[in-house]
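Here the structure comes first, spelled out in structure tokens, and everything after it is commentary.
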Amino acid sequence: MAGGALGDAIGELAFRIPARDRLSDELDWRSELSYTDDTAMAMALARSLLSVGDVDPQQLGEQLRSQYEHEPWRGYGPGPPTIFAAVANEGIPYRAAARRLYSGQGSFGNGAAMRAGPLGLFFYGSPVLYEKARAQAETTHTHPLGVDGAAVQSRAIALAVSLDPDNDFRRSSFVDELAGFAQTPELRAKLAELRNLLEREAPPCDAIQTLGHSLAVDESLPFALYAFLSRPHSFPETLFCATLHGGDRDTMGAMAGALCGAYLGVKALPADWRAKLEDGREIEELGAQLAAHHR
């Protein structure tokens, strides 16, 4: 939870300060690291899971809407407010409202994946993780790619949590596990390309050229995975890779940061960054509660 929030906050800064040295200086003197809608929605998902003990799409939708109405300035895209308005004005379920987006195709953006960290933690040992990820995603994202991206990120978090950072793991096996879990040909193809990039130790510029880094989940999620898997033992290096190469910087930072945080643990995150994270204590407490109540 803390890793995702830091990735989100630092990624948002990287839109204005895309040079590593200048960004590092900014992080040194800045007194607070403020998160965006990515973390706000992850916190809403965490609260919903802890409140219900499961994924309840309607209750989750209410949590997400309440979070938005309380802090609409967090940087939300057009999709969630449109869904929230339809539910409020017409009394329809969140999934039905989400289905209307983009001429009835639903969103294939990364919004359901960027908030999926709590789900991977809460259900990391569950054989029905994909079904839970689908239910979570379809509150706002009903396109098969939007669902699949959220499920793959959830599974990646679950795998990262289960690994021992003191022992090296096979990155190819990690990617193969995700490719077997994915259900869309688009994400499977990108994960195969990710595997090849990691095997030849390709630099970030090659990864961007191959994977992309847009708002589409089949671009931003594979690059976030690349940022983590190419440098898993260093949270700062993972984060700088995810956020300093253009594209959807805050969301790629949130996804990569959540993965690296799940793998290394909260104590491996830079202490000064943790101390400056907005609502940091609450975020870490939510993570601890999710871990204690995992299914």
| request: To the nearest 0.5 angstrom, please state how far the CE atom of Met1 sits from the CG atom of Leu45. | output: 8.0 Å

Using a cut-off of 6.0 Å, state whether more than 12 heavy atoms not belonging to [X] lie near its atom [atom1].
X: Glu199; atom1: CD; value: yes
X: Arg200; atom1: CZ; value: yes
X: Glu90; atom1: CD; value: yes

Any donor and acceptor pair, going by atom type alone, linking the side chain of [X] with main-chain N or O of [Y] inside 3.5 Å?
X: Arg115; Y: Gln136; answer: yes
X: Asp56; Y: Gln59; answer: yes
X: Arg274; Y: Gly280; answer: no
X: Thr39; Y: Thr36; answer: no
X: Lys276; Y: Asp28; answer: yes

| message | Is there a side-chain contact between Tyr226 and Cys241 in this structure, where contact means two heavy atoms from C-beta onward sitting under 4.5 Å apart? | response | yes

| query | Looking only at heavy atoms, what is the nearest atom pair of Cys260 and Thr238, with distance? | reply | SG-OG1, 3.7 Å

Would you say the side-chain atoms of [X] and [Y] include a donor-acceptor pair closer than 3.5 Å?
X: Gln58; Y: Arg95; result: no
X: Gln63; Y: Ser48; result: no
X: Ser107; Y: Arg99; result: no
X: Glu138; Y: Tyr94; result: no
X: Tyr130; Y: Asp148; result: yes
X: Thr251; Y: Asp38; result: yes

| So, is the end of the Arg74 side chain (NZ or CZ) under 6.0 Å from the ring centre of Tyr35 and within 45° of the ring's axis? | yes

| query | Between Phe169 and Tyr263, how do the two ring planes meet: parallel, tilted or perpendicular, split at 30° and 60°? | reply | perpendicular

| message | With a 6.0 Å cut-off on the ring centroids, do Tyr102 and Phe108 count as close? | response | no

| request: Assess whether salt bridge (Lys or Arg N to Asp or Glu O under 4.0 Å) is satisfied between Arg22 and Glu26, documenting all intermediate values. | output: CA-CA 6 Å; Arg22 288 186 57 217; Glu26 179 84 7; over 6 Å; no

| Contacts of Asp21 that satisfy side chain to side chain donor-acceptor pair (under 3.5 Å) - sequence neighbours left out | none

| request: Apply salt bridge (Lys or Arg N to Asp or Glu O under 4.0 Å) to Arg65 and Glu62, showing your working. | output: CA-CA 5 Å; Arg65 183 171 68 164; Glu62 292 298 308; 3.0 Å; yes

